[in-house]
Q: 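There's a structure below that I have some questions on.
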Amino acid sequence: MPEDEGYRKAVETFTKHRLTVCEEEEEWEKIEERIGCGQVEELIEEAQDELKLIGKMIGPYIFQILSLYIYFKYFV
């Protein structure tokens, strides 16, 4: 996924923030309080859902890259 893609920027930003909080705090109550987006279990589920969505979103980009590679290798 391109680095300037809006979705990528948003996911990277909140994921880095959440990781920082998890590294700084040991108690799950403090993690939940600082992140403010639900219980730790919900945060884990959300992260897993994001990984699935990212896999679906990069599919078209991979296809474009392969198409360009084949085009330039065999037709140019």
Side-chain angles (χ1 to χ4, degrees):
M1 183 175 302
E3 290 183 17
D4 62 342
E5 181 75 33
Y7 173 75
R8 177 179 175 167
K9 288 181 179 181
V11 171
E12 285 180 350
T13 299
F14 73 74
T15 301
K16 287 177 183 178
H17 169 69
R18 291 176 179 184
L19 178 61
T20 300
V21 171
C22 290
E23 290 173 339
E24 292 174 353
E25 301 291 350
E26 292 186 18
E27 296 180 29
W28 58 268
E29 294 97 345
K30 290 184 180 181
I31 292 171
E32 292 172 352
E33 183 180 314
R34 283 187 58 191
I35 293 176
C37 291
Q39 297 177 339
V40 170
E41 294 84 356
E42 294 170 319
L43 296 171
I44 293 168
E45 287 178 18
E46 187 177 315
Q48 291 170 337
D49 290 343
E50 289 294 340
L51 285 174
K52 291 175 190 173
L53 183 57
I54 289 169
K56 291 179 182 179
M57 291 184 74
I58 64 170
Y61 292 109
I62 292 171
F63 180 74
Q64 289 174 342
I65 292 168
L66 287 174
S67 297
L68 288 171
Y69 172 77
I70 291 169
Y71 175 77
F72 284 108
K73 183 172 181 173
Y74 296 105
F75 300 107
V76 173

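Everything quoted here is computed from the prediction, not taken from an experiment.
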Q: For residues 35-43, which side-chain N or O atoms pair as donor and acceptor with protein atoms under 3.5 Å away, sequence neighbours left out?
A:
from : atom 1 : to  : atom 2 : distance (Å)
E42  : OE1    : Q39 : N      : 2.7

Q: Under the salt bridge (charged side-chain N to carboxylate O under 4.0 Å, His left out) test, which residues partner E45, sequence neighbours left out?
A: none
Q: By side-chain contact (heavy atoms from CB on, under 4.5 Å), which residues pair with E27, not counting sequence neighbours?
A: E29, K30
Q: Verify the cluster assignment for I70 and L68: are they in a single hydrophobic cluster under the rule of side-chain heavy atoms below 4.5 Å apart?
A: yes
Q: Is V21 linked to I44 within one hydrophobic cluster, defined over Ile, Leu, Val, Met, Phe, Trp and Tyr using a side-chain heavy-atom separation of less than 4.5 Å?
A: yes
Q: Using the salt bridge (charged side-chain N to carboxylate O under 4.0 Å, His left out) criterion, which residues pair with E12? Sequence neighbours excluded.
A: R8
Q: I need the T15 OG1 to E46 CD distance, nearest 0.5 Å.
A: 8.5 Å
Q: Not counting sequence neighbours, which residues clear side-chain hydrogen bond (donor to acceptor under 3.5 Å, both in side chains) with E24? List them please.
A: R34
Q: Is there a continuous path of hydrophobic side-chain contacts, each under 4.5 Å between heavy atoms, that joins F14 to L19?
A: no
